[in-house]
**Q** 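The following block contains the structure, expressed as C-alpha cells.
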Amino acid sequence: MQPTDIHDPDYFHKVVDCQWACPAHTPVPEYIRLIADGRYADAFMINWKSNVFPGILGRTCDRPCEPACRRGRVEDEPVAICRLKRVAADFKGDVSDRMPPRPTTRNGKKIALIGAGPASLTVARDLAPLGYELVIYDGDTRAGGMIRSQIPKFRLPEEVIDEEVGYITAMGPEMRLGQRVDSLKGVLDEGYDAVFVGTGAPRGRDLPIPGREEGAANIHIGIDWLSSVSFGHIAKIGKRVIVLGGGNTAMDCCRSARRLGGDDVKVIVRSGFEEMKASPWEKEDAMGEDIPILNMLVPIAFIHEDGKLVGMTFDKVRAEYDARGRRNLVSTGEEPQFHGCDDVLVAVGQENAFPWIERDIGMTFDDRWDMPVVDETTFQSTLKNVFFGGDAAFGPKNIIWAVAHGHQAAISIHKFCQGEDVAVRPPPGVTVVSQKMGIHEWSYDNNVSLDLRFKVPHRDKFAALSDIKAEVELGFDLKLAFNEAQRCLNCDVQTVFDDKLCIECDACVDICPVDSISFTANGEEADLRTRLSAPATNQTQSIYVSQGLKTGRVMAKDEDVCLHCGLCAERCPTGAWDMQRFLIDVAQAESACCSK
Amino acid sequence: MTFIPKPKLHHPDLQKNALGYTRRDYEGPVSTLCAGCGHDSISAAIVKACFELDIEPHRVAKMSGIGCSSKTPTYFLGASHGFNSVHGRMPSVATGANLANKDLIYLGVSGDGDSASIGIGQFAHAMRRGVNMVYIVENNGVYGLTKGQFSATSDKGAKSKRGVVNSDEAIDLVGLALQLGATFVARSFSGDKTQLVPLIEAALQHKGIAFIDCISPCVAFNNHEGSTKSFDYVREHNEALNSLDVISGREEITVDYEPGTMEMVTQHDGSVLALRKLHTSYDVNDRVAALTYMQERAAAGEIVTGLLYVDPNPRDLHAHLDTVETPLNALNDDALVPGARALERINAGLR
Ligand SMILES: Cc1cc2nc3c(=O)[nH]c(=O)nc-3n(C[C@H](O)[C@H](O)[C@H](O)COP(=O)(O)OP(=O)(O)OC[C@H]3O[C@@H](n4cnc5c(N)ncnc54)[C@H](O)[C@@H]3O)c2cc1C
Ligand SMILES: Cc1ncc(C[n+]2csc(CCOP(=O)(O)OP(=O)(O)O)c2C)c(N)n1
Ligand code: SF4
Ligand code: SF4
Ligand code: SF4
Ligand SMILES: [Mg+2]
C-alpha cells in the first residue's frame, strides 16, 4: 500500500465515525467532552453551528451517527450521542448573547425561501448574518415545518421548537406566515436574486381499496391527522384504532391515538417486523405503550355497515425471495383476517407535490417521478437562481438531512449571488493539536469507561398516556449525562505516527488492547489486511500505513476498533506515536466566498 | 509509567483457546518499566506462548530475582503463582519449589545481572542439576534497575551511555549452559517475536532445564551508538540459525519445505519441533558442535539466535534423584512417616 496521506482532511475525518456519518458533520466527540466538562453552553453552540436545532434533534434525530459509533463495535451499544445533545440544550442556560448579531448593513441581495421547515430555516440562519434580505413564506401560521406540524408534542415540546426556531426568526428574516405560494413564477416575478424551495414532501399516500369512500368519515391520512392534532383541531379518536404502515409516521399516529381515547390501538404492517422502516427505538416505545404490531398482513378492504366503518380485512402473506433476492409477499391462502375498529389511520408513505411550480418557466422535471432535476452537490435546479433542499429536493428524509441540505444550498446561493462558480465547493478548516501535557498526561481523559449505555429516564406511563403534551422522555440528569459522556472514545483524538522516530521496539503493539497495530512487510491492501495483529475484516475502515522503516517493514494500523486510549503513545519510548486532536470545521456559507 | 489500566475492552474477533481463555486473560497489570523496554516484549511473548499452549494459569509458578527483568512476572499471567526471591537467588528457590511440587510449570525470569553477576553460582547449579523449568535471562548488558552499570554479559569494548568503555570479558551464558549440561539452549531477541514465541513454547514443553538467553535492549541505559545490546546493533548482527514451529501432538504435520532444510525433532511428550534450517549443516542435537560453532560466530562478530541445542531425551532433577511419581508435597503421612518398625530395620542394617 501507499503510505497514508494523513493531510487529506477526509482521512482523519473518517476515523471520527460519528462525525463522518452525521449529514451535517457535527463534531460529536468535541461536544461530548464539553458536556463531561460541565460546559453545556459551549457544547450547545458547537451543535448549533453544525446542526442548527440541538434541542430538537437531541430529542428527534434519526441519529445516523449512532450505528456508526465505534463503541458499538467493541461492546453492545453505541454512545447515546443524540440524547447527550439534548443534555447540552437542557442545561445550557441563556445563550442569546452568543447568537450572531443582526447585521447592521445589508448586502443588497434579496432571497425568497418557500417553506419554513428546517431546510429553509437553515438557509436563513447561514445567510442572515451575511447581510442578505430574506423573505420566508409558509402556508402554516407558525414556523417550523413538519417539526411543528407532525412530530407529536410528547416527543418534542412546543417550547423547544419556539426557542430554536426563535433564534433564527430573531435574525430578522421577513416571515410571511399563512401565505401559501401557489405560483413559483409569481415569486420569481417579484425580483428575488435567488429562491430556495424547502416545501417538504407534504402529501400523504392514500389506500384506494374497497370501502375507502364509504368509510371515509373514519379513515384519516396519517400526516394530515397528525398536523390537525398538533394544531389542536382534533382532540379525540375512537376506542379501537387500526394504524396502517410501518414507518415512523405510523408510530407517531398510534402513540398519539393512545393518548386521545384509543384503548385498543394496533399497528398493522404488510412487511415483517425487521423490515419495518420505523427506527428500533420508535417500535420499542410504541410496544411499551401496549400497542401490538401485527406483521405480514396486506389490507383487502375497509368493512362498513350502515354507512359506518366497522373494521378491515387483511390477507395473511409470507415473504418469498426470487433468484435475484427480491422479496415478494405471497398469500398464505388462509381465510382473510378481520380486525374490528372505529377509526383507521393510513400512514403508508409520503410524496412530494409541486402543483404550484409552473412547467413552462424553464425548470426541468424528470419524466419518471415528475420531480425537479436538482444537483446533488450544489442543490441548484436547472433554473439557475432556484435552489432546493430538505424533503423537497430528493423525497422525504429527516431533519438532519434537511439541515445538511440547507447548509450546502446556502453556500451555493451565496456563491451564486456573489458571481462565483457554485460547483467549486469551499474546503473545510482543519486543526490538529497534540494533546500531550506531560510524560503520560493528556489534555483529554484517555481512561476508557467500561460502563454500558445508560437509559434515559421516562415519565411514568400512566401520566404520559393521559396527556398528549407530556413529554415522555425526561432526559439525562447531570450525573447520568457525565457517565454516558465518559463512554465516548474520543475518536477525534487521532493516533499520529512518525516513522522517523520509531525504533521498532514493539511496545505499542504489545500494549494495544485491541490489536490495532502491526509491524509487517508491506503488500497490497487485500493481502496486508490478512497479515495484521488481528485480521482487518471491516473493509469500511482504513488501514494507516507508514513509510518503510529501518527493518524494511511498515507500521500498519487498522483504524477499525482503536479505542483512542493513547496507550501506544504512552508506551512509545521515542514519541513516534502522538495523540492529536483533529477538529474539522466543514465549510458553511460564511467562509464560502473568496470575496465574501 | 502509564497511569491508566489497560482497558478490558478487546478486539471483537479475539480468539479463545481450548480452555476458553483469550490471550488477554494471560496478561497482568500494566507494566511499570520504561516505555519501550525490551523486557515488556518478552512478557508479551510469554503471554502469547501460554495462550497458544492452552496452559492453565494456575499451573504456572513464575520465579524471579531482582531487577527490571525480575519485576516483569508481575506484568504477565496475573492468575498464576509467583515468587520474587532476593537478588540472584531465583534458581535455588525454583529448585526447592520444583522438588516440593514437580507438577507445576516453572517459569524463571532473570536478568543478566541477576544471573551472570550475583547469581552466577546459582545459575550454574540449576543448569547442571537439570531443574525442569524454563529459565529466561532478559539480557540487556546492564543493571537496568540500578541505573545502567555494565553487567557481566556486557561485551568487552562496548560503550556505556556516558562513553565509558567496558574493559572486562563478557560472560557468555549460552556457552555456560551448554557446558553445564542444559538440555535445551536457545538465544533470541525481544524485537523478534516471530522467533521468540515458538522458542518459549518449545521450552515450556521441554521436560528438563530449558534456557533462553534473550537479548532485550534497555532503552533507558543501553540503546545508544556503541552499545552491542541496542536494537540497531542486534538487528545488524543477528544471524538466525533456524526458525521453529511447535506442533502439538494433535495436529497433523504438514510443513512443506525443500528437502534437507526441514528437521523434525520429536520431543519426549510426543510434540514435534519443526525446525526450518537456515544454516543447513547445523545439527541442533550436537552439543559439542554447538559450542564450537557459537564461539566461531561470536568471534566473527555475529549474534547467533534460534534453537542452538536440544536433547530429545532429556532427564531432569527428579529423574536424577529417582523421586517418587507423586509430587512430594502431595505425599501423605503414611508415605512420609514409615514408622518405628521401618526405622528399626534401617538401624539393624547399619549395625
Ligand atoms: C409524522 C412524522 C414524524 C417525523 N418524525 C421525525 C423525527 O422524529 N425525526 C426526524 O429527523 N424527522 C422526522 N420526520 C421527518 C421530518 O419532519 C422532515 O424530514 C423534515 O421536517 C423536512 O424538512 P423540510 O424543511 O424539508 O420540510 P418540512 O419540514 O416538511 O417543511 C416544509 C414547509 O413548507 C410548507 N409548504 C409546503 N408547500 C408550501 C407552499 N406551496 N407554500 C408555502 N409553504 C409551503 C409547509 O407548510 C411546511 O411548513 C417526521 C415526519 C413525519 C411526517
Ligand atoms: C543483594 C543485592 N545486591 C544488590 C542489589 C542492587 N541491585 C538491584 S537490581 C540490580 C541489578 C539488576 O540487573 P539485571 O538483573 O540485569 O536486571 P535489569 O534491571 O537489567 O533487567 C542490583 C545490583 C540488590 N537489590 N540486592
Ligand atoms: S490509541 Fe493506540 S493503544 Fe489505544 S487502542 Fe488505539 S492504537 Fe491501540
Ligand atoms: S512504541 Fe514507538 S518506537 Fe516502539 S515500535 Fe511503537 S512506535 Fe515504534
Ligand atoms: S531501566 Fe532499562 S531495563 Fe529497566 S525498565 Fe527501563 S528500559 Fe527496561
Ligand atoms: Mg540487565
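Naming: A, B, ... by sequence-line order, numbering from 1 per chain.
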**Q** Of all the heavy-atom pairs spanning B:Ala35 and A:Arg571, show the shortest one and how long it is.
**A** CB-O, 3.0 Å
**Q** How long is the span from the CD1 atom in A:Ile503 to the OG atom in B:Ser230, to the nearest 0.5 Å?
**A** 9.5 Å
**Q** Is the shortest heavy-atom distance from the side chain of B:His10 to the side chain of A:Val561 under 4.5 Å?
**A** no
**Q** Other residues, nucleotides and ligands only: do more than 12 of their heavy atoms fall within 6.0 Å of NZ on A:Lys436?
**A** yes
**Q** Partners of A:Thr540 by side chain to side chain donor-acceptor pair (under 3.5 Å), sequence neighbours excluded?
**A** A:Asn538
**Q** Start with the C-alpha distance between B:Asp13 and A:Asp515, add both sets of side-chain angles, then the distance that settles side chain to side chain contact (heavy atoms under 4.5 Å, CB included), and finish with yes or no.
**A** CA-CA 10 Å; B:Asp13 298 336; A:Asp515 303 324; over 6 Å; no
**Q** Look up atom CD in A:Glu504 and atom CG in B:Asp192, then write down how far apart they are to the nearest 0.5 Å.
**A** 11.5 Å
**Q** A:Cys572 versus chain B, heavy atoms under 4.5 Å apart: side chain, backbone, both or neither?
**A** backbone
**Q** Quick one: does B:Val219's side chain get under 4.5 Å of A:Thr574's, heavy atoms only?
**A** no
**Q** Just checking A:Tyr444: does its OH atom have more than 12 heavy atoms from other residues, nucleotides or ligands closer to it than 6.0 angstrom?
**A** yes
**Q** Side chain from CB out, backbone as N, CA, C, O: work out which of these in A:Cys512 comes under 4.5 Å of a heavy atom of chain B, or both, or neither.
**A** backbone
**Q** Please state whether the side chain, the backbone, both or neither of A:Leu563 comes within less than 4.5 Å of a heavy atom of chain B.
**A** side chain
**Q** Under a 4.5 Å heavy-atom cut-off, does chain B meet the side chain of A:Ser533, its backbone, both or neither?
**A** neither
**Q** Looking only at side-chain N and O atoms, does A:Asp506 offer a donor or acceptor that is under 3.5 Å from a partner on B:Ser41?
**A** no
**Q** Within a radius of less than 6.0 Å around NZ of B:Lys71, do more than 12 heavy atoms belonging to other residues, nucleotides or ligands occur?
**A** yes
**Q** Would you mind telling me which of A:Cys505, A:Cys565, A:Cys508 has the largest number of heavy-atom pairs within less than 4.5 Å of chain B?
**A** A:Cys505
**Q** Applying side chain to side chain contact (heavy atoms under 4.5 Å, CB included), run through B:Arg235 and A:Lys550 and close with a yes or a no.
**A** CA-CA 10 Å; B:Arg235 285 202 169 108; A:Lys550 254 192 186 162; over 6 Å; no
**Q** I'd like to know whether CD of B:Glu225 has more than 12 heavy-atom contacts from other residues, nucleotides or ligands below 6.0 angstrom.
**A** no
**Q** Would you say B:Gln15 has more than 12 foreign heavy atoms packed within less than 6.0 Å of its CD?
**A** no
**Q** Nearest heavy-atom pair of B:His11 and A:Val514: which atoms, and what distance?
**A** CD2-O, 3.4 Å
**Q** Might you point out which heavy atoms bring B:Leu9 and A:Leu450 nearest each other, and give the distance in Å?
**A** CG-CD2, 3.9 Å
**Q** I would like to know whether B:Lys8 and A:Val448 meet side chain to side chain contact (heavy atoms under 4.5 Å, CB included); could you show each step before the answer?
**A** CA-CA 9 Å; B:Lys8 287 268 180 288; A:Val448 176; over 6 Å; no
**Q** Quick check on A:Ser516 against chain B: is it the side chain, the backbone, both or neither that has a heavy atom closer than 4.5 Å?
**A** neither
**Q** Is A:Asn446 close to chain B through its backbone or its side chain, or both, or neither, when contacts mean heavy atoms under 4.5 Å?
**A** both
**Q** So do the side chains of A:Asn447 and B:Pro5 get within less than 4.5 Å of each other, counting heavy atoms only?
**A** yes
**Q** Considering only heavy atoms from C-beta outward, does the side chain of A:Leu567 approach that of B:Pro7 to under 4.5 Å?
**A** yes
